[in-house]
Novice: 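Take a look at the following structure, please.
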Amino acid sequence: MLLAVDVGNSTVVISFIKNNKITSHDRSLTDSSEIEINYTEKINNIMKSNGIFSTDINGAIISSVVPLMTDVLQKAIINSIGIMPLIVNSKLHYDFSIALKNPEALGSDRIADAAAGLYEYGAPLIIADMGTATTISVIDNNRAFIGGLILPGVRTAMNALIHNTAQLPQIKLPKFMDTIIGKDTVSSIQNGIVYGNAACLDGLFDRISNELGYKPKIIATGGNMSAIIPFCRHKVITDEYLLIKGLSLIFNQNKEAYINAQR
């Protein structure tokens, strides 16, 4: 069994994977003030509630885009199951190349997305990971990660609009809208955020495809995916667990070196 942890800017996801299937999945808010003792207790509680013993686990892996949290989770995993986790970075072995000017700067979340996206759907790919930021990753038909874009996330942009405007109310994003034209302040904000982001993604997908000279498959993941993707005009495959599946694949691809490092 594998313990896989995804540390994002907004959430920490702790998953246990057995035979490439996610058996448990816990999501909590990212809090950089937390210490390893708290996360040790959280991991232990998840294991207890799911009937998992430390002896069931033969590996651990972390993807983190919050450097302060990486060390905290690493120590928590060691405290909980006595195993040093594998930390995702550009120097591990992958079945795709990273064709960037500075590969070391590529976020581990985007690496994990690419690993799973290529395994599940093949190349070429556009991957939209819609979290605190929306990251667009492009993998060409030679299985090379050639770059992408980063823009404010859906709720990040919405919160900035609300907090920097005196008279706009707090709102929730609807699951259904029957018109693009808002009839009042709330619906105008809702429609602006949802259709604005959907139109932005559609436009980026078109421009990326034009630059490549061919049309890749488009995959979406992340916490804001379900609020926006239904309103896109492109065919977009949604995969809620893309990143976690990528961590499992990366661990398996680097398992031999990982086991040797533990000895």
Novice: Measuring from I218:CD1 to L201:CG, what's the distance to the nearest 0.5 Å?
Specialist: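 Between I218 CD1 and L201 CG, I get 9.0 Å after rounding to 0.5 Å.
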
Novice: Let me have the donor-acceptor pairs involving side chains of residues 118-132, under 3.5 Å, with sequence neighbours excluded, atom names and distances please.
Specialist:
residue, atom, partner, partner atom, Å
Y121, OH, D239, OD2, 2.7
T132, OG1, S10, OG, 2.3

Novice: Please check this pair: side chain of S80 against backbone of A76, looking for a donor-acceptor N/O pair closer than 3.5 Å.
Specialist: no

Novice: Take atom CG of N19 as the centre, draw a 6.0 Å sphere, and report whether it contains more than 12 heavy atoms from other residues, nucleotides or ligands.
Specialist: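 Counting neighbours around CG of N19, 12 or fewer heavy atoms of other residues, nucleotides or ligands fall under 6.0 Å, so no.
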
Novice: Knowing that exactly one of K42, E34, E41, E36 qualifies, which makes a side-chain hydrogen bond (donor to acceptor under 3.5 Å, both in side chains) with N38?
Specialist: E34

Novice: For F53, does the CZ atom have more than 12 heavy-atom neighbours from other residues, nucleotides or ligands under 6.0 Å away?
Specialist: no

Novice: The criterion is salt bridge (charged side-chain N to carboxylate O under 4.0 Å, His left out); which residues satisfy it with D206, sequence neighbours excluded?
Specialist: none

Novice: Let me know which of D109, T70, N89 forms a side-chain hydrogen bond (donor to acceptor under 3.5 Å, both in side chains) with S64.
Specialist: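 It is T70; the other options fail the test.
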
Novice: Report the distance from atom CE of M47 to atom CG of N44, rounding to the nearest 0.5 Å.
Specialist: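 Output value for this atom pair is 6.0 Å.
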
Novice: Enumerate the salt bridge (charged side-chain N to carboxylate O under 4.0 Å, His left out) contacts for residues 184-203, please, sequence neighbours excluded, ordered by first and then second residue.
Specialist: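 Found none.
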
Novice: Centroid separation under 6.0 Å, is that true for the rings of Y241 and H25?
Specialist: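 For H25 and Y241, the ring centres are under 6.0 Å apart.
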
Novice: In Å, rounded to the nearest 0.5 Å, how long is the span from CZ of F16 to CG of L3?
Specialist: 4.5 Å

Novice: Side chain of S49, backbone of I46: donor and acceptor closer than 3.5 Å?
Specialist: yes

Novice: Give a yes or no on whether E211 atom CD has more than 12 heavy-atom contacts from other residues, nucleotides or ligands under 6.0 Å away.
Specialist: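 It does not: E211 CD has 12 such atoms or fewer within range.
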
Novice: Atom OG of S33 and atom CE of M69: how far apart are they, to the nearest 0.5 Å?
Specialist: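 Rounded to the nearest 0.5 Å, the OG-CE separation comes to 8.5 Å.
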
Novice: For the atom pair CG (L173) and CG (N224), what is the distance rounded to the nearest 0.5 Å?
Specialist: 7.5 Å

Novice: Is the backbone of S63 close enough, under 3.5 Å, to the side chain of S108 for a donor and an acceptor to pair up by distance?
Specialist: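 Pair absent, no side-chain N/O of S108 close to backbone of S63.
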
Novice: When rounded to the nearest 0.5 angstrom, what is the spacing between CD1 in I139 and OG in S137?
Specialist: 6.0 Å

